[in-house]
Enquirer: 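Here you go, one structure.
Order of listing sets the numbers, starting from 1, for every ligand and every atom in it.
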Amino acid sequence: MPQLKYQRPTGTHDLYPGAERWVDDSDRRAALVETFRHLCRVYGYGEIRTPVFEATDLFTRSIGEGTDIVSKEMYTFTTKGGDSLTLRPESTAPVLRAFVENGLHARGGVTKLFYVATHFRYERPTKGRYRQHEQLGVEALGSDDPALDAEVIELALAFYRRIGISELTLKLNSVGSALSRAAYLTALKAHVEPHLGEFSEEGRARFAHNPLRMLDTKNARELEILRAAPALTEYLSDEERAHFETLCRYLQDAGVPYDLDPYLVRGFDYYTKTAFEIQAPSIQTAQNALGGGGRYNRLVSEIGGPNTPGIGFGLGIERTLLVLQEIGADMPPAPGPVAFLVTQGERARPVGVRILAELRASGISADTAYGASSMKAQLRAADRARARYAVILGDDEVAQDVVQLKSLTGGWQHAVPVAEIAEWLSGGRAPS
Ligand code: AMP
């Protein structure tokens, strides 16, 4: 292939219909989004959409200065007016900002929101990890009830079940509160300190500035040392422990299996109490977390709103598509048009163009080949488009006010009056 003049930026995707790799396929992606939207509505969640960029501060304060996202991965720029803005690397902070700014908290009760959002992180791209990715997420604000935690987790799992991914692991932990974590971090540091020489420079920096983030490491030796450390769950307050136990009971009652993982902290500083991650064992990449989430009972007040507990999750669309393709899920591409107009001769073309418009007006998907070409080439185009019927029109048909309706799958052909085509195609009059 000759050198391309322009290429898409590293770590991004072009999405188009019928792509071989599902992660590039706009139709299959749209089908996932549609399933998610529908399910969210079943659970009582309404859609929220926020800007693609936000004040940089919103992210640094909420996600936390010591996290990978804030320290290395944000797309931050200064506007001509001198403001620092950042392309959103996640959606929880923006959704909560919008919740506060638009006074949604004043409605009282629990506010249940879902989003479909593009996120940007300057990461080293590999399979399942990109610089632009999309997440399906929810945020439920206004209650600390563990039943809400269970609902949010069940919603995520119901989504995966519905799209055909049932082999999943739910990792579950409670990360307590800032208060209970303080005692834990003291113990963690005391455990790590004698081994600090074996830690990487980054690990040592985390030890000094944000010790919880040491648990994010992928370094095998560091993990070994950390896994011998006391677990966060041992430091929970009675109330936090009770909250977690109640959540576990709800999940058991609902028949949702989970794995307790006392070292699961996830990459954000804002979590309190519940933290969870959904992993797909089938995915052939190091990035096997399909999604994750947790509770953030301090975050709304930290960004300037009234004290409001909340919980949410974000599920990665690209990794979900990778898994679906890997397991050979039944997810056909979008179907082709019902009808494909094929014309022969100059008189037939304008009549055909009118029929095309009428079919579309009655809600029947219809297409045609553009530019002059033979009948044979037009029928080939109809096959390529995966159309179900060809609507064939020549001079004779125009004279008689009929078309030849030809099944492209069933091998039959009928002369049908123009006024009855739509009825044939939508009313089931056509033999299949
Ligand atoms: P997080 O926002 O980090 O909790 O991630 C939630 C989910 O979003 C992950 O489990 C992934 O499925 C997806 N995700 C996060 N970062 C990326 C990325 N850089 N590329 C693709 N998917 C991502």
Enquirer: In terms of atom number and element, which parts of ligand 1 are under 4.0 angstrom from non-hydrogen atoms of Ala289?
Expert: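 Ligand 1 atoms under the 4.0 Å threshold to Ala289: 9 (C), 10 (O), 11 (C), 12 (O).
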
Enquirer: Salt bridge or not between Glu202 and Arg206? Use side-chain N to carboxylate O under 4.0 Å.
Expert: yes

Enquirer: Could you list which atoms of ligand 1 come closer than 4.0 Å to a heavy atom of Gly314?
Expert: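 With Gly314 as reference, the close atoms of ligand 1 come out as 6 (C), 7 (C).
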
Enquirer: Measure from NZ or CZ of Arg131 to the centre of the six-membered ring of Tyr122 and say whether it is under 6.0 Å with the direction within 45° of the ring axis.
Expert: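 Pair Arg131/Tyr122 counts as cation-pi.
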
Enquirer: If you take the nearest heavy atom of each of Glu277, His119, Arg319, Arg121, which one is closest to atom 2 (O) of ligand 1?
Expert: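 Minimum heavy-atom distance to atom 2 (O) of ligand 1 goes to Arg121.
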
Enquirer: Salt bridge check: are Arg266 and Asp216 linked by an N-O gap of less than 4.0 Å?
Expert: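 No.
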
Enquirer: Less than 4.0 Å is my threshold; does some heavy atom of Gly267 fall inside it relative to ligand 1?
Expert: no

Enquirer: Would you check the N or O atoms of Leu290, main chain and side chain alike, for any that come under 3.5 Å of an N or O of ligand 1?
Expert: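 N/O-N/O distance under 3.5 Å: yes.
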
Enquirer: Run the numbers for me: atoms of ligand 1, each under 4.0 Å from some heavy atom of Phe268, listed by number.
Expert: 1 (P), 2 (O), 3 (O), 4 (O)

Enquirer: Got a sec, which residues hit ring pair (Phe, Tyr, Trp, His ring centres under 6.0 Å) with Phe159, two or more places apart in sequence or on another chain?
Expert: Phe36

Enquirer: Could you work out, for atom 4 (O) of ligand 1, the closest of Arg266, Glu318, His133 by heavy-atom distance?
Expert: Arg266

Enquirer: Which atoms of ligand 1 are found less than 4.0 Å from any heavy atom of Tyr130?
Expert: 18 (C), 19 (N), 20 (N), 21 (C)

Enquirer: For atom 13 (C) of ligand 1, find the nearest protein heavy atom and state the residue, atom name and distance (0.1 Å precision).
Expert: Gly316 CA, 3.6 Å

Enquirer: Answer yes when Glu234 and Arg181 have at least one side-chain N-carboxylate O distance shorter than 4.0 Å, and no when they do not.
Expert: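 Result for this pair is no, no salt bridge flagged.
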
Enquirer: Tell me: protein heavy atom nearest atom 19 (N) of ligand 1, and distance?
Expert: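 In this structure, atom 19 (N) of ligand 1 has Glu123 OE2, 2.5 Å as its nearest protein heavy atom.
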
Enquirer: Might you point out which heavy atoms bring Tyr75 and Arg121 nearest each other, and give the distance in Å?
Expert: CE1-C, 3.6 Å

Enquirer: Considering both backbone and side-chain atoms of Arg129, is one of its nitrogen or oxygen atoms within less than 3.5 Å of a nitrogen or oxygen in ligand 1?
Expert: no

Enquirer: Under 4.0 Å between a Lys/Arg side-chain N and an Asp/Glu carboxylate O for Lys273 and Glu239?
Expert: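 So Lys273 pairs with Glu239 through a salt bridge.
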
Enquirer: For Arg131, which part has a heavy atom under 4.0 Å from ligand 1: side chain, backbone, both, or neither?
Expert: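 The answer is neither; Arg131 stays 4.0 Å or more away.
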
Enquirer: Salt bridge or not between Glu54 and Arg88? Use side-chain N to carboxylate O under 4.0 Å.
Expert: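 No salt bridge links Glu54 with Arg88.
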
Enquirer: Under a 4.0 Å threshold between the charged nitrogen and the carboxylate oxygen, would Arg360 count as salt-bridged to Asp367?
Expert: yes

Enquirer: Starting from atom 5 (O) of ligand 1, which protein heavy atom do you reach first, and at what distance in Å?
Expert: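 Protein heavy atom with the smallest distance to atom 5 (O) of ligand 1: Gln135 NE2, 3.5 Å.
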
